[in-house]
Colleague: 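One structure, pasted below without further comment.
Just the heavy atoms: all of them, side chains too, but no hydrogens, waters or symmetry mates, feed the values below. Order of the sequence lines fixes the chain letters, A, B, ..., with proteins taken first and strands second; residue numbering starts at 1 for each chain.
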There are 2 protein chains.
Amino acid sequence: MTEKDDFTLQDFLPYLLNRAAEESSLEFQQHYKNRYGMLRNEWRVLFHLGNYGRMTATEIGQRAKIHKTKISRAVAKLAERRFVVRNRDEQDRRAEHLELTPQGEAAYRDLREQAAIYDCQLASRLSEGESEALRHMLRKLAGIDQ
Amino acid sequence: MTEKDDFTLQDFLPYLLNRAAEESSLEFQQHYKNRYGMLRNEWRVLFHLGNYGRMTATEIGQRAKIHKTKISRAVAKLAERRFVVRNRDEQDRRAEHLELTPQGEAAYRDLREQAAIYDCQLASRLSEGESEALRHMLRKLAGIDQ
DNA sequence: CGGTAATAGTTGATTTTGTAACTAACAAGG
DNA sequence: CCTTGTTAGTTACAAAATCAACTATTACCG
């Protein structure tokens, strides 16, 4: 009874998760936004391609849990700006394989570097060892198998 | 050197935070969306008013870090549906104090109950004691003073 | 006072997202 | 083959977020 009655907003996990996610997203977006004029979904697609290599839009969607319309638009923008090239699969002509151009690779490496730095900054707000525990918990909550 | 070279997307805190936040938001929105036809910002404003009591739009914005245009539109909807009443401050006639109607109170109590239940469900995906550590870390990352 | 700046909140224009419907290509069963 | 169903990706339209400009009121300061 008391357990539910003293439940407050400040303790609500989805609220805290959203606040922390929004805070960090907003801080980090300056890198891909200011330096490359990218939107969040474009950055995510770029990062996935850089991280996992050549794959199709559907595969990105499954891994990143991004809806296919978002990916379609992000890929269109990235292709237009020559960060990504599309290659139609000759076996299955519906699908197309995406991969980074050298220019896309360069942007990816630069942004990954920034991401690593920012990640360290964030982790430094936590105590020793906490950040690994946090990543582990977030993966569980996000339903990422690992 | 190796530290930055083996940095991957799956470990990037903003990415994990966003995935976990999105997952939990989507799951929880069914409650305020299906039962009360509310949007996320409306739910947030309602929850803030229920939790902290009478306050102005600006105060909600500062606490919740929601932009004033979002609050303005959320309050308009909540007032229209008689969940909230607006009272102009007679000392400072620019400001208006917002508070829940009895109907708003009822919705708040119902949703807070659902939130408490959902929060337990989420926490149950973690090990004993982890969830309190998680809340603590998220507050630090979100910049919530406490 | 009178003018300029600041604040509370709203509105409108533009951009981005979400949802559904769509095209094109393949697959499987008769 | 041909119908039906499924999958990859795009497009169209509605909903929502963002950003700037706006009104109304108060505060500051010469």
Colleague: Between D/dT10 and A/R86, is there an OP1 or OP2 to side-chain N/O distance shorter than 4.0 Å?
Modeller: yes
Colleague: Could you tell me how far apart B/R93 (CZ) and C/dT7 (C1') are, to the nearest whole angstrom?
Modeller: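 Interatomic distance, CZ of B/R93 to C1' of C/dT7: 16 Å.
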Colleague: With a 4.5 Å limit on heavy-atom distance, are the side chains of B/V75 and B/R86 in contact?
Modeller: yes
Colleague: Tell me if the aromatic rings of B/Y108 and B/F83 count as close, with their centers under 6.0 Å from one another.
Modeller: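 Not under 6.0 Å, so no.
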Colleague: What is the nucleic acid contact for B/L39, judged by heavy atoms within less than 4.0 Å: base, sugar-phosphate only, or nothing?
Modeller: sugar-phosphate
Colleague: Just the rounded figure in Å: distance from P of D/dT10 to CG of A/L78.
Modeller: 12 Å
Colleague: Looking at B/R73 and D/dT18, is any side-chain donor or acceptor paired with a base atom of the opposite kind under 3.5 Å?
Modeller: yes
Colleague: In whole angstrom, what separates B/M55's CE from C/dG9's P?
Modeller: 12 Å
Colleague: For the pair made of NZ in A/K68 and C1' in C/dA24, what is the distance, rounded to whole Å?
Modeller: 12 Å
Colleague: Confirm from the modelled atom types if B/R94 and C/dT7 form a donor-acceptor pair under 3.5 Å, side chain to base only.
Modeller: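 Answer yes: a donor N or O sits under 3.5 Å from an acceptor.
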Colleague: Base, sugar-phosphate, or nothing: which does B/Q91 touch, judged by heavy atoms less than 4.0 Å apart?
Modeller: sugar-phosphate
Colleague: Report yes if a side-chain nitrogen or oxygen of B/T58 is closer than 4.0 Å to either non-bridging phosphate oxygen (OP1 or OP2) of C/dG9; otherwise report no.
Modeller: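 Answer yes for this pair, as a side-chain N or O of B/T58 is under 4.0 Å from OP1 or OP2.
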Colleague: Looking just at side-chain N and O atoms, do B/N51 and B/R112 make a donor-acceptor pair shorter than 3.5 Å?
Modeller: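 Distance-only check fails for B/N51 and B/R112.
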Colleague: Whole angstrom is fine here: how far is it from NE2 in B/H67 over to P in C/dG12?
Modeller: 17 Å
Colleague: If you assign each of A/T69 and B/N41 to its closest nucleotide in DNA chain D, which residue comes earlier from the 5' end?
Modeller: A/T69
Colleague: Could you state the CD-C1' distance from B/E22 to C/dG18, rounded to the nearest angstrom?
Modeller: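 Interatomic distance, CD of B/E22 to C1' of C/dG18: 12 Å.
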Colleague: Nearest-Å distance, NE2 (A/H97) to C1' (D/dG9)?
Modeller: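 Answer to the nearest Å: 13 Å.
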Colleague: Can you tell me which nucleotide in C/dA25, D/dT11, C/dG9 comes closest to the side chain of A/D92?
Modeller: C/dA25
Colleague: If we count only N and O atoms by modelled type, under 3.5 Å, do the side chains of B/E27 and B/Y118 hold a donor and an acceptor together?
Modeller: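 Side chains of B/E27 and B/Y118: pair found under 3.5 Å.
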Colleague: Check the phosphate of D/dT18 against B/K70, side-chain N and O only, distance under 4.0 Å to OP1 or OP2. Yes or no?
Modeller: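 Yes.
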Colleague: Is any side-chain N of the basic residue among A/E105 and A/R82 closer than 4.0 Å to the acidic one's carboxylate O?
Modeller: no
